S.K.: 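Below is one structure. I have some questions about it.
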Amino acid sequence: MRALLISLLLVGCSSSGSSGGGSLEAPAFTDLAGSSWSVHESASGSNSCGVAAGTSDDWTLYVVSQSGNSITFYDERSGASSAVTGTVSGHTISYSGERYPVLGCSSMTGSYSVTLDGAGQSFSGTTTIRCLDNGCTVPASVTGQRL
């Protein structure tokens, strides 16, 4: 209901705009709470951890809540007790924080910058994963699809 109200407000704003400007586009993600996403990460060829290019990690992301431009989500493998907060800005979600350990690291952080499609059903972008055990980093591409 909230998403519908926001969309209606945005449509109203765009139809009363001045001439010569484009219409105001509704954000792709006005209400992500309760959604889940299939996520695929693929390591780039150049990284300091010695991870082979194309090494991939597939997992499910669960969005616990959204309040304005702040979302809280978690990796299926770490569980809800390890939820982290990200920021939504238009069609972009940014996040930086602890993540489920992969690639032989016992403790990791990650930073994500993904762009969401206009329909709110998929995203793509980049991530940098940092192994806290030895400080190495792995840049990767990341895509996601709403389940």
Side-chain angles (χ1 to χ4, degrees), residues 1-18 21-47 49 51 53-133 136-147:
M1 182 60 128
R2 188 176 115 197
L4 176 61
L5 290 174
I6 291 171
S7 295
L8 290 174
L9 286 171
L10 290 172
V11 169
C13 289
S14 67
S15 63
S16 63
S18 62
S23 64
L24 182 62
E25 182 181 351
F29 294 96
T30 55
D31 190 9
L32 292 170
S35 64
S36 57
W37 301 79
S38 172
V39 178
H40 176 79
E41 298 169 339
S42 181
S44 73
S46 174
N47 63 75
C49 291
V51 176
T55 300
S56 63
D57 186 27
D58 296 300
W59 50 284
T60 303
L61 174 138
Y62 295 97
V63 180
V64 177
S65 63
Q66 180 175 2
S67 177
N69 68 340
S70 179
I71 62 169
T72 302
F73 56 92
Y74 66 93
D75 179 328
E76 66 175 322
R77 301 167 294 193
S78 59
S81 63
S82 297
V84 296
T85 301
T87 302
V88 178
S89 177
H91 292 290
T92 303
I93 294 178
S94 300
Y95 145 77
S96 182
E98 290 184 41
R99 59 167 285 156
Y100 184 81
V102 292
L103 306 172
C105 293
S106 63
S107 184
M108 303 181 76
T109 61
S111 61
Y112 288 79
S113 179
V114 298
T115 301
L116 312 158
D117 74 347
Q121 298 303 306
S122 65
F123 64 79
S124 63
T126 59
T127 180
T128 300
I129 302 163
R130 183 169 187 257
C131 178
L132 298 179
D133 297 349
C136 70
T137 59
V138 179
S141 62
V142 60
T143 58
Q145 185 71 39
R146 190 184 282 244
L147 298 173

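Bear in mind the structure is a predicted one, so any value in this text is a computation, not a measurement.
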S.K.: Within this structure, what is the CG-OG1 distance for the pair D58 and T143, rounded to the nearest 0.5 Å?
M.R.: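 Interatomic distance, D58 CG to T143 OG1, rounded to 0.5 Å: 8.0 Å.
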S.K.: Main chain of G68, side chain of Q66: is a donor-acceptor contact present, judged purely on distance under 3.5 Å?
M.R.: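 Yes; at least one donor-acceptor contact below 3.5 Å.
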S.K.: Roughly how far apart are S36 OG and R146 CZ, rounded to 0.5 Å?
M.R.: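 Answer rounded to 0.5 Å: 8.5 Å.
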S.K.: Distance from N47 atom CG to R130 atom CZ, nearest 0.5 Å?
M.R.: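 N47 atom CG to R130 atom CZ measures 14.0 Å (nearest 0.5 Å).
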S.K.: Could you pull out the closest heavy-atom pair between V114 and V142, with the gap in Å?
M.R.: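 Result for this residue pair: CG1-CG1, 3.5 Å.
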S.K.: Measure the shortest side-chain to side-chain distance between D117 and Q145 over non-hydrogen atoms and say whether it is less than 4.5 angstrom.
M.R.: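 No; the side chains remain at least 4.5 Å from each other.
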S.K.: Answer yes or no for C49 and C131: SG-SG distance under 2.5 Å.
M.R.: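 Unbridged: C49 and C131.
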S.K.: Closer than 3.5 angstrom, by distance alone: can the side chain of S70 be matched with the main-chain N or O of S67 as a donor-acceptor pair?
M.R.: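 Not a single qualifying donor-acceptor pair exists.
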S.K.: Between atom CG of L61 and atom OG of S35, what is the distance when rounded to the nearest 0.5 Å?
M.R.: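 Separation between the atoms: 7.5 Å.
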S.K.: I'd like to know if the side chain of T127 reaches the main chain of S111, judged simply by a donor and an acceptor atom lying under 3.5 Å from each other, with no hydrogens or angles considered.
M.R.: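 A pair under 3.5 Å: yes.
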S.K.: Please step through side chain to side chain contact (heavy atoms under 4.5 Å, CB included) for the pair V84 and Y74, ending with a clear verdict.
M.R.: CA-CA 6 Å; V84 296; Y74 66 93; over 6 Å; no
S.K.: Report the distance from atom SG of C136 to atom CE of M108, rounding to the nearest 0.5 Å.
M.R.: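 Reported value, rounded in 0.5 Å steps: 7.5 Å.
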S.K.: What is the distance from atom OG1 of T85 to atom CZ of F73, rounded to the nearest 0.5 Å?
M.R.: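 If we round to the nearest 0.5 Å, T85:OG1 and F73:CZ are 8.0 Å apart.
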S.K.: Decide if the gap between the ring center of W37 and the ring center of F123 is smaller than 6.0 angstrom.
M.R.: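 For W37 and F123, the ring centres are under 6.0 Å apart.
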S.K.: Which residue pairs satisfy the salt bridge (charged side-chain N to carboxylate O under 4.0 Å, His left out) criterion with at least one member in residues 35-44, sequence neighbours excluded?
M.R.: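 Sorted result for residues 35-44: E41-R99.
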S.K.: Tell me the closest heavy-atom pair linking S42 and G54, and the distance in Å.
M.R.: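 Scanning both residues, the minimum pair turns out to be OG-CA, 3.5 Å.
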S.K.: Does S44 use its side chain to pair, donor to acceptor, with the backbone of P139 at less than 3.5 Å?
M.R.: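 Side chain of S44 to backbone of P139, a donor-acceptor pair under 3.5 Å: yes, one is there.
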